[in-house]
Amino acid sequence: MSSLSINIEDVFEFATQDQVFGLEPIIDQNLKALHAGTGKGNNYIGWLSLPSSIGEDSLQSIGKVADDLRAKSEVVVVVGIGGSYLGAKAVIDALNHSFANQLPTGNPMVVFAGHNICEEYHSELLELLDNKSYSIIVISKSGTTTEPAIAFRLLKQHLELKVGKEEASSRIVAITDSSKGALRQLATQEGYRTFTIPHDVGGRYSVLTPVGLLPIAVAGFDIKKLVAGAADAEMATGVDTPFDKNPACLYAAARNALYSSGYKVEIMVNYTPKLHFLTEWWKQLYGESEGKENKGIFPAGVDFTTDLHSLGQYIQEGERMIFETVISVQNSRRKLDIPYNSDNLDELNYIAGKRLSDVNRMAQLGTTLAHLDGKVPIINLEIPEISEYWLGYLIYFFEKACAISGYTLGVNPFDQPGVEAYKKNMFALLGKKGYEEQGKLLRKILGEEN
Ligand code: PA5
């Protein structure tokens, strides 16, 4: 079994070994409570055993629908927001050719909608789809989220006008709750193919269900390998793995010890833009899981070396409340050497013949040393390569560590009560039935009504 490498040595100057390892009893207890189903939010822990329990049959039926969509579509539009969007986006972006949407790759172009309410974005998407054969995967656990519902209404109308109602229905796949919500009702009424999101798996923990697996398979990637990586992470982070060998426990302990020492912001760092959306997924996972009851580490992200030229200054010398978690990738899948140039006007001949990945590694080393010097604690994670296996591994590892971390902080890592606040105001301002009183109050606050 392969294992993720985690190194927390660069934490001990800022949160002592005693602080970190002093958390062992509570973290062990929380890991056991998670597995025993006795912790907070225990009706949402179905994701814990997903990798080891997902059957060959389920993977095959996802693969079959993916093949069908691939065969009939130049573009597949994935509609969803939050946990119903970011996991698939993270994996597809990490594995895809960086210019996949501009190059013929043999795979359908996978695009996303319903993760914003931007008029221009959705108008331009419909413009793109005017001249493409396309299918839609619509994902919503609740089946009632406004952003994807609006996007789906637009897309459904567009597709039906383009290919007719019957053909459109055969090109739409809905992923939602087994019985609840408007999307389930619509799917039954229109005869869409459907996949179910297990009732005990919350949105941001759902990548390893059809929510993530179907779009990833449609994009041409091997979901069996992804699940195999997650299954190994499930083993490696289980109750039988001792604290000091369990990467999820070590990560949870290091970040909680740092939080107690005043480090309130965690920046996820990568040195390849391919992991940009993995960070976005991680931000949602940790932000929604931990940020409640006036507590929680603020999850942020940077892509280095790009952001060394924007946020680098702050990280080096700004307020000392930041720690970094760096994901390193040992091997690049492609090779590119820096060319020799006889003029040497850019004075780069001293690195001529070196691989870009070697230069990137030195940039990383130099940054690590500078940031430690600037009193930024660093947790180091390393994977051998960006692949389905390692992305599956990381996804499960982060989910597990998030749940343990949330318990250690004393919160329920599986709910998101704070997300309702903006929705209620939006509904009230839009005049939704049942929100009339709040609407009046808000308009008064906004000075639109006496
Ligand atoms: O993690 C969560 O539960 C949320 O981020 C949801 O995934 C997000 O709000 C989308 O919800 P739904 O799938 O019900 O449309």
Side-chain angles (χ1 to χ4, degrees), residues 40-48 50 77-91 112-117 122 136-156 172-187 192 194-216 277-292 296 299 301 395-396 398-403 405-406 411-427 432:
K40 289 184 181 173
N42 56 3
N43 45 344
Y44 281 102
I45 54 170
W47 56 273
L48 261 180
L50 273 177
V77 188
V78 180
V79 181
I81 195 166
S84 291
Y85 145 68
L86 284 161
K89 174 79 176 153
V91 173
F112 293 84
H115 54 296
N116 60 56
I117 322 177
H122 287 91
I136 304 170
I137 302 173
V138 54
I139 309 172
S140 179
K141 168 118 202 259
S142 62
T144 54
T145 309
T146 309
E147 291 89 339
I150 293 174
F152 184 57
R153 187 183 270 224
L154 289 166
L155 287 157
K156 178 177 183 290
I172 295 173
V173 179
I175 306 179
T176 187
D177 184 84
S178 60
S179 55
K180 283 195 313 255
L183 181 57
R184 170 59 60 183
Q185 207 183 327
L186 184 68
Y192 300 153
T194 61
F195 287 99
T196 296
I197 309 173
H199 65 90
D200 54 357
V201 179
R204 57 191 176 275
Y205 292 83
S206 69
V207 201
L208 299 164
T209 72
V211 169
L213 298 179
L214 181 63
I216 293 166
F277 268 93
L278 186 74
T279 298
E280 294 303 305
W281 169 82
W282 168 87
K283 275 161 61 178
Q284 192 235 355
L285 177 64
Y286 280 73
E288 270 193 3
S289 300
E290 291 190 322
K292 49 197 75 159
I395 285 166
Y396 188 89
F398 279 128
E399 288 177 350
K400 188 67 158 287
C402 184
S405 239
V411 299
N412 175 357
F414 308 117
D415 65 0
Q416 54 285 327
V419 181
E420 294 311 309
Y422 98 91
K423 290 186 191 168
K424 285 183 192 149
N425 286 347
M426 177 176 74
F427 294 153
K432 188 171 178 174

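Atoms within each ligand, like the ligands themselves, are counted from 1 in listed order. Everything numeric in this text was worked out from a predicted model, so none of it was measured.
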Practice task
Starting from atom 1 (O) of ligand 1, find the nearest protein heavy-atom neighbour and note its residue, name and distance.
Solution key: R204 N, 2.9 Å
Completion exercise
If you scan protein heavy atoms around atom 7 (O) of ligand 1, the nearest is G83 N, 2.9 Å
Exercise for the section: Please examine the side chains of T146 and K423, heavy atoms only from C-beta on, and report whether any two atoms are closer than 4.5 Å. Expected result: no
Practice task
May I ask whether E147 has any heavy atom positioned less than 4.0 angstrom from an atom of ligand 1?
Solution key: no
Problem - Under 3.5 Å: donor-acceptor pair, side chain of K180, backbone of K141 - result: no
Completion exercise
Of all protein heavy atoms, the one nearest atom 5 (O) of ligand 1 is Q284 NE2, 2.5 Å
Practice task
Would you mind running through ligand 1 and noting each atom that sits below 4.0 Å from a heavy atom of S142?
Solution key: 12 (P), 14 (O), 15 (O)
Practice task
Look at atom 9 (O) of ligand 1 and say which protein heavy atom is nearest, naming residue and atom and giving the distance to 0.1 Å.
Solution key: I81 CG2, 4.5 Å
Problem - Side chain proximity check, D177 to R184, heavy atoms < 4.5 angstrom - result: no
Completion exercise
One should read off an interatomic distance between L186 CG and S140 OG, to the nearest 0.5 angstrom, of 11.5 Å
Completion exercise
The side-chain hydrogen bond (donor to acceptor under 3.5 Å, both in side chains) partner of S289 among Q416, R204, Q284 is R204
Fill in the blank from the handout: closest protein heavy atom to atom 3 (O) of ligand 1 is G203 N, 3.5 Å
Problem - From CD1 (I137) to CZ (F195), nearest 0.5 Å - result: 9.0 Å
Problem - Sub-4.5 Å side-chain heavy-atom contact between Y192 and K156 - result: yes
Handout entry: Residue and atom name of the nearest protein heavy atom (relative to atom 11 (O) of ligand 1), distance in Å to one decimal
Key = T145 OG1, 3.6 Å
Exercise for the section: Pull out every atom of ligand 1 sitting under 4.0 Å from any heavy atom of Q416, numbered as shown with elements. Expected result: 3 (O)
Exercise for the section: Measure the spacing between CG of L50 and CG of D200 and express it to the nearest 0.5 Å. Expected result: 8.0 Å
Completion exercise
Within 4.0 Å of some non-hydrogen atom of S84, the atoms of ligand 1 are 7 (O), 12 (P), 13 (O)
Completion exercise
atom 2 (C) of ligand 1 has as its nearest protein heavy atom E288 OE1, 3.3 Å
